[in-house]
Amino acid sequence: MTWKSVPKTELHLHLEGAAPPEFIRMIAAEKGTDLSRIFHADGSYKWKDFAEFLKIYEAACSVLKTPDDYRRLLEAVLEVSADNGVVYTEIFLAPDFCGGGDLDAWKDYLAAFEIGADNAKAKHGIEARFISTCVRHFGPEKAIHTANITANAPSPRMVGFGMGGEERDFTAQDFVSAFAVAAEAGLGITSHAGEICGADSVRETLDHLPVSRIGHGVRAVEDPELVKRLAEEEILLEVNPGSNVCIGVFPSWEKHPLDHLRQQGVPVCVSTDDPPYFHITMTSDYENIAKTWGWSETDFADTNRTAMKYAFCDEETRAAVLAKFQ
Ligand code: ADE
Ligand code: ZN
């Protein structure tokens, strides 16, 4: 059985985190920037813990300077996704990295992203949507600004607002205003929680932010009452098992709670987060899930239907993609 060609959805993928290292080296060479310190001799990204991962991630994207650099990145990323069977993907974009928080600059980047996604759709058939993302460790004021520029630059594929970054910095409550702006603009809402921090972080996010989905959320497993709440309130967890195992959130695939959470009735889907950083692909994650818990094609189709139920796209797109998982 090869899982590569099986159709897949992915709702949790950071554009910069999905950058193939060879793509970043190519752009660095074009700009005459020496970035060799962020790569191992074998060409892979060099980091040893979550804090260093975030630093290397920001260093890698510092060479991307123009809307066209980012368009090329998006096309490179969508090509890899499509090659791994992904038919629908939601990609986190960060206005902080694209134009430094300037509204007019962000509009130019968005126009380039739309062209990149059009090109990828024409070439590979992949359907992409965008989630604008604030960076938690940049603080609540920047997050409000990011939400404002997102709300003021509508774009056909921009469907959501989220938050990534250092989970140990600030609390969910600190970001209430930013998320209110995004929700008011009609964007779908998700936030990272319960990845680096435990169940309290997930609970706080549910209590204070208008989320229908949580990025990761897997450490909710530490509190059975919270797991019940996630099932009852039907909150989708965007689970990234290969990412979690690589970062060390769980020590092995066997100890990862994806299958347990699903059995407890929590809506779950599968994504890769920052695949080249973690030496994974959607295909390798499907292989590991099938090997660890015996998931069949029916289980994956069921999970993909769940993902599409929570996708932030329009109803016509949802129905068209869902038809691929019947
Ligand atoms: N940004 C990119 N990848 C991330 C992750 N795994 N957790 C939090 N923020 C991120
Ligand atoms: Zn993430």
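We count ligands from 1, going down the list as the structure has it; atoms in each ligand are counted the same way.
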Where is the nearest protein heavy atom to [atom]: which residue, which atom, and how far?
| atom | result |
| --- | --- |
| atom 1 (N) of ligand 1 | His14 CE1, 3.5 Å |
| atom 9 (N) of ligand 1 | Gly165 N, 2.8 Å |
| atom 3 (N) of ligand 1 | Asp274 OD2, 2.7 Å |

Next on the checklist: Can you tell me how far apart CG (Leu258) and CD (Gln263) are? Round to the nearest 0.5 Å.
Outcome noted: 10.0 Å

Checklist entry - Taking atom CH2 of Trp47 and atom CZ of Phe53, what is their separation to the nearest 0.5 Å? => result 6.5 Å

Going by the order shown, which atoms of ligand 1 are within less than 4.0 Å of some heavy atom of [X]?
| X | answer |
| --- | --- |
| Gly164 | 9 (N) |
| Asp273 | 3 (N), 5 (C), 6 (N) |
| His216 | 6 (N) |

Next on the checklist: Any salt bridge linking Glu195 with Arg168? Criterion: basic side-chain nitrogen under 4.0 Å from a carboxylate oxygen.
Outcome noted: no

Checklist entry - Taking the six-membered ring for Trp, are Phe175 and Phe170 parallel (under 30°), tilted (30 to 60°) or perpendicular (over 60°)? => result perpendicular

Checklist entry - Once the angle between the rings of His216 and His12 is folded into 0 to 90°, is it parallel (under 30°), tilted (30 to 60°) or perpendicular (over 60°)? => result perpendicular

Checklist outcome for this item: Atoms listed for the Zn ion (ligand 2) (protein only, N, O or S, under 2.8 Å, no waters) are His12 NE2, His14 NE2, His192 NE2, Asp273 OD1

Compute the shortest N/O to N/O distance between [X] and ligand 1 and return yes if it is under 3.5 Å, no if not.
| X | value |
| --- | --- |
| Tyr57 | no |
| Glu195 | yes |
| Phe50 | no |

Check whether more than 12 heavy atoms from other residues, nucleotides or ligands sit under 6.0 Å from atom [atom1] of [X], and answer yes or no.
| X | atom1 | answer |
| --- | --- | --- |
| Lys31 | NZ | yes |
| Glu316 | CD | no |
| Glu141 | CD | no |

Checklist entry - For ligand 1, is Tyr277 a contact, meaning one of its heavy atoms is under 4.0 Å away? => result no

Next on the checklist: So which atom in Tyr277 and which in Ala60 form the shortest heavy-atom distance, rounded to 0.1 Å?
Outcome noted: OH-CB, 3.5 Å

Next on the checklist: Can you confirm whether the side chains of Glu114 and Ser155 place a donor and an acceptor under 3.5 Å from each other?
Outcome noted: yes

Checklist entry - Do any N or O atoms from the side chain of Arg213 and from the backbone of Ser191 form a donor-acceptor pair under 3.5 angstrom? => result no

